Amino acid sequence: MPAPPPPAAAPALPRAPAKPAVFIPVNRSPEMQEERLKLPILSEEQVIMEAVAEHPIIIVCGETGSGKTTQVPQFLYEAGYSSEDGIIGITEPRRVAAMAMSQRVAKEMNLSQRVVSYQIRYEGNVTEETRIKFMTDGVLLKEIQKDFLLLRYKVVIIDEAHERSVYTDILIGLLSRIVSLRAKRKLPLKLLIMSATLRVEDFTQNPRLFARPPPVIKVESRQFPVTVHFNKRTPLEDYSGECFRKVCKIHRMLPAGGILVFLTGQAEVHALCRRLRKAFPPSRSRLPEKDDDQKDSAEEMRKFKKSRTRAKKARAEVLPQINLDHYSVLPAGDGDEDREAEVDEEEGALDSDLDLDLGDGGMAWLALSLHLHSTVSFLILVFKPPPEGTRLCVVATNVAETSLTIPGIKYVVDCGKVKKRYYDRVTGVSSFRVTWVSQASADQRAGRAGRTEPGHCYRLYSSAVFGDFEQFPPPEITRRPVEDLILQMKALNIEKVINFPFPTPPSMEALIAAEELLIALGALQAPQKAERVKQLQKDRLSCPITALGRTMATFPVAPRYAKMLALSRQHGCLPYAITIVATMTVRELFEELDRPASSDEELARLKGKRAQLAQMKRTWAGQGASLKLGDLMVLLGAVGACEYSGCTPQFCEVNGLRYKAMMETRRLRGQLTTAVNAVCPEAELFMDPKMQPPTESQVTFLRQIVTAGLGDHLARRVQSEELLEDKWRNAYKTPLLDDPVFIHPSSVLFKELPEFVVYQEIVETTKMYMKGVSSVEVQWIPALLPSYCQFDKPLEEPAPSYCPARGRVLCHRASVFYRVGWPLPAIEVDFPEGIDRYKHFARFLLEGQVFCKLASYQGCLLSSPSTMLKTWARLQPRTESLLRALVAEKADCRDALLAAWKKNPRCEFDQGQGVGVDGMGSPRQALSPGLVEGSGPTTAGRLPAT
DNA sequence: GAGCACTGC
């Protein structure tokens, strides 16, 4: 392994590649050049360029803010690493970053956005002239589907690789192979992996990923220093209260500069904000008019005045003593914790009555809450510099850790906790838990204090606790289901996913669960039944993709939803299925109204909105057939109503809808409409803003479509005779869970309690709740979800029959649902493979049902055709030879028989030759036609539109 | 009878 070149001491080297044919020189205006020189320029340019020239793959390591994202593409461009036949591509894990970086680099280089462009999910400005392209990682992954070797690129840069987003991980795995394939073709591709922290072992010490470890180049940080302060003690419970005390202390005693507080959830954020505003009432001028938290009661006003008088006193006494250096403590492990501890002890006495008695150093105060669902008016406020003499205090969830950078932050208060989603690998149930962050996350949070000037980070836990943190957060790919990723990989013809060079592989259980789901959805070919036992292990995780799977892979949604889309080209269901899938993908369509209120007034307002939303949900769900589609009907109705009214922010506000989510749904519907049209142009789909509600029968088809997609999410109401314990009252049972699950109270089916339901997800809070619930008719289950049913022997009554349209033998079979053995009604299905099917087919053949001309021979037969159904031993020699011939030719249906005749016209029973056969079209199945052949269920079951 | 952090196609 080549040792990483030392950053500073490298000699100047000539740049490698020859000039390409067309090269747009960087022509910076004097102002731009001056502007650029003001920015710190990476001193490692020579080292990086030398490494790129020598190695196909290099890793560039440097903290956020080091300027590598904006500068490395420029170095490469200026060195001629791009032309019209191969450009520089940079991936980002976030859409805004891709867009903002392209704009910034274009500006710094004084080039048009036609040359330095971006491409993200719904938009982009890439042109023929584009030479540097910023994009999200998912966009590049989609491009690999169309052009596996990425021939449009000469350089690919994977930025923020340390964040280990699932797409970034898969890209790195794919690119490790693409680089060698391109080298073999003498079309070399350069790969740069850029990472903030030093977590590079997963890339360098992984021989399956990179046989030769790529060189690592470290670049200098451009961040301002942040002094880290640890608490001496770690509060066990009340970290919110600890945050409150720390923020008050900072505001009271430390010089101007924004404060950023990290908490774990929306409710906590709001609560702390309210408490801070009460302690230091905000300056009136800047709060948005609609902010419900700012309405101060008279009581609060009184406290405010009281605290102002004390503030003067506090200012006189406390401020002169405060010296910032006194707080300056070296980062963890340097043994300065005690000094900080002294500070805390000293002030311990003050802490107790901080709630009521606060001096604010004379500074005005603006406490704002920041989380994913913050309204736009709030966001504007957060990003505006506060007026002179006002201190900005932003209380935030994890959004502020990576997704958003707030300017002017000098102090960070870190509670050290984070709320994360956990998936049970076996059952798929998710829950949210608050845990300690990783050291890398804590450092990332601290770094938010050093964007504009040297800053301070106050950690509300001890350095010993910090030392026990995980070094890095586990990569996302190890923490969530991977069926979507596996489908994407199979679509790239990576069959043995187990051999894929993941930087960190998902767990075996997750891979198996993904493969099994995809098989059940029909996206992957099931291993042959005969081989199942013997070869199960071998076949596992190497099933090839089906035609249906390929279609599904082109839809940018989860495989369960992609299956729904693939099934929906019938009865005009596509526009509705697209809308339902879009809303299920966007999630959180409705405003969060359950937060605790700060005043009676607010409480009343929230109560009113909750009632209004509940009423609207009932309206959208409708009655009868429509209500049975349940929460998915609500989603469909909400989008329909909202679009009908023009999708205005006002409509959303009045009806408890999240405007941002509605806009996202609209864009996703557009994208899905395009995707469906691409697979199936005959559909001639378009987005109709005045979409009519589905008819009753359409609603029923939609329920069947939803059932087919969510088959592994089927639940059955616990029957009264099974009700042994009280905890099972109104409960449902699922195949994979021993414990009861419940319909969420926000569901429109909460009181309906249908016998069978499918659900979107189960979230465990106080109980296990199903969300996104839709009801299912029992007779649909064996027809739509045969892969989850174990079928009994064919029934004798009703007797097996011949289906002239499909040319096949049918029978009735009862079944039970897998693992739980729920009895399911008999439905008409294909007669199972085996000797009996040949016998029945032979009988129908002799009876003339298969080819009508044969019917006239019936009188000449020695015995009745039903003799065919006897055991071998009791067959007549003649009938036995017919059966043997059918078996030999594998002719157990009309098409197979015709094929056998075609192949061998002289075979024994060629009487049938020339007989006209009607209705030779391919079989039309219960729910087909889907978008591709075979996307319907595999049975012949007919579904009554009940 | 209710409390979900965050992101990409």
Side-chain angles (χ1 to χ4, degrees), chain A residues 91-98 119-124 135-146 160 163-171 262-271 370-373 396-404 415 417-423 430-435 437 441 444 473 475-477 479-480 484-485 487-488 491 552-559 561-562 582 585-588 590 592-596 606 610 613-614 664 667-668 671-672 674-675 729-730 742-747 750-751 761-771:
Chain A
T91 72
E92 293 289 332
R94 273 172 291 279
R95 296 154 47 88
V96 275
Q119 179 68 53
I120 60 179
R121 184 165 184 152
Y122 302 112
E123 58 187 273
M135 66 202 124
T136 38
D137 45 15
V139 166
L140 189 61
L141 193 57
K142 280 279 166 191
E143 285 186 18
I144 291 181
Q145 255 180 30
K146 297 193 191 95
E160 313 286 7
E163 285 192 21
R164 306 295 306 273
S165 82
V166 281
Y167 291 155
T168 287
D169 267 20
I170 303 248
L171 276 177
F262 283 99
L263 281 175
T264 69
Q266 240 184 86
E268 271 173 21
V269 163
H270 282 297
L370 181 62
H371 49 79
L372 186 65
H373 300 328
T397 60
N398 233 19
V399 266
E401 188 178 303
T402 50
S403 307
L404 292 170
C415 76
K417 304 275 187 156
V418 67
K419 190 180 285 176
K420 272 188 183 176
R421 187 180 193 132
Y422 286 79
Y423 290 93
S430 46
S431 57
F432 290 83
R433 279 180 240 162
V434 173
T435 57
V437 295
S441 291
Q444 175 81 20
E476 190 195 357
I477 200 167
R479 303 193 64 252
R480 74 165 182 74
D484 54 339
L485 307 176
L487 181 60
Q488 292 303 313
M552 284 166 59
T554 67
F555 300 144
V557 290
Y561 305 159
T585 302
V586 168
R587 291 198 302 259
E588 314 277 352
F590 303 107
E592 174 58 67
L593 298 169
D594 285 335
R595 63 196 138 98
L606 279 174
R610 271 200 291 267
L613 180 58
E664 177 78 10
R667 296 208 282 184
L668 184 53
Q671 197 189 18
L672 293 178
T674 308
R729 185 197 300 274
N730 294 337
F742 299 86
I743 295 180
H744 195 272
S746 66
S747 168
F750 178 61
K751 286 183 179 148
E761 60 170 355
I762 295 181
V763 180
E764 185 174 8
T765 52
T766 52
K767 286 177 178 175
M768 282 195 271
Y769 285 110
M770 297 182 278
K771 297 188 154 185

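All values reported here derive from a predicted model rather than from experimental measurement. Note on naming: letters A, B, ... go to the chains in the order of the sequence lines (proteins, then strands), and numbering restarts at 1 for each one.
- The salt bridge (charged side-chain N to carboxylate O under 4.0 Å, His left out) test applied to A:Arg667 returns A:Glu123, not counting sequence neighbours.
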Between A:Glu664 and A:Tyr122, does a side chain to side chain donor-acceptor pair (under 3.5 Å) hold up when you go through it step by step? CA-CA 10 Å; A:Glu664 177 78 10; A:Tyr122 302 112; 3.2 Å; yes

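- Using a 4.0 Å cut-off, some side-chain N or O of A:Lys419 falls inside it from OP1 or OP2 of B:dA5.
- Listed pair A:His744 / B:dG3 meets the phosphate criterion, a side-chain N or O lying under 4.0 Å from OP1 or OP2.
- Taking the side-chain hydrogen bond (donor to acceptor under 3.5 Å, both in side chains) definition, one finds that A:Thr91 meets it with nothing, sequence neighbours left out.
- For A:Gln266 and B:dA5, the shortest distance from a side-chain N or O to OP1 or OP2 is below 4.0 Å.
- Within the structure, every side-chain polar atom (N or O) of A:Thr765 is placed at least 4.0 Å from both OP1 and OP2 of B:dA2.
- Looking at heavy-atom distances under 4.0 Å, A:Val139 makes contact with sugar-phosphate atoms alone, never a base.
- Residue contacts for A:Glu588: at a heavy-atom cut-off of 4.0 Å it reaches a base atom on one of the strands shown.
- Within the 4.0 angstrom heavy-atom criterion, base atoms lie near A:Glu761.
- Residue contacts shown for A:Arg164 are absent, as no nucleic acid heavy atom lies under 4.0 Å away.
- Taking only side-chain nitrogens and oxygens, A:Tyr167 never comes nearer than 4.0 Å to OP1 or OP2 of B:dT7.
- Set against B:dG1, B:dC4, B:dG8, the side chain of A:Arg95 has B:dG8 as its closest nucleotide.
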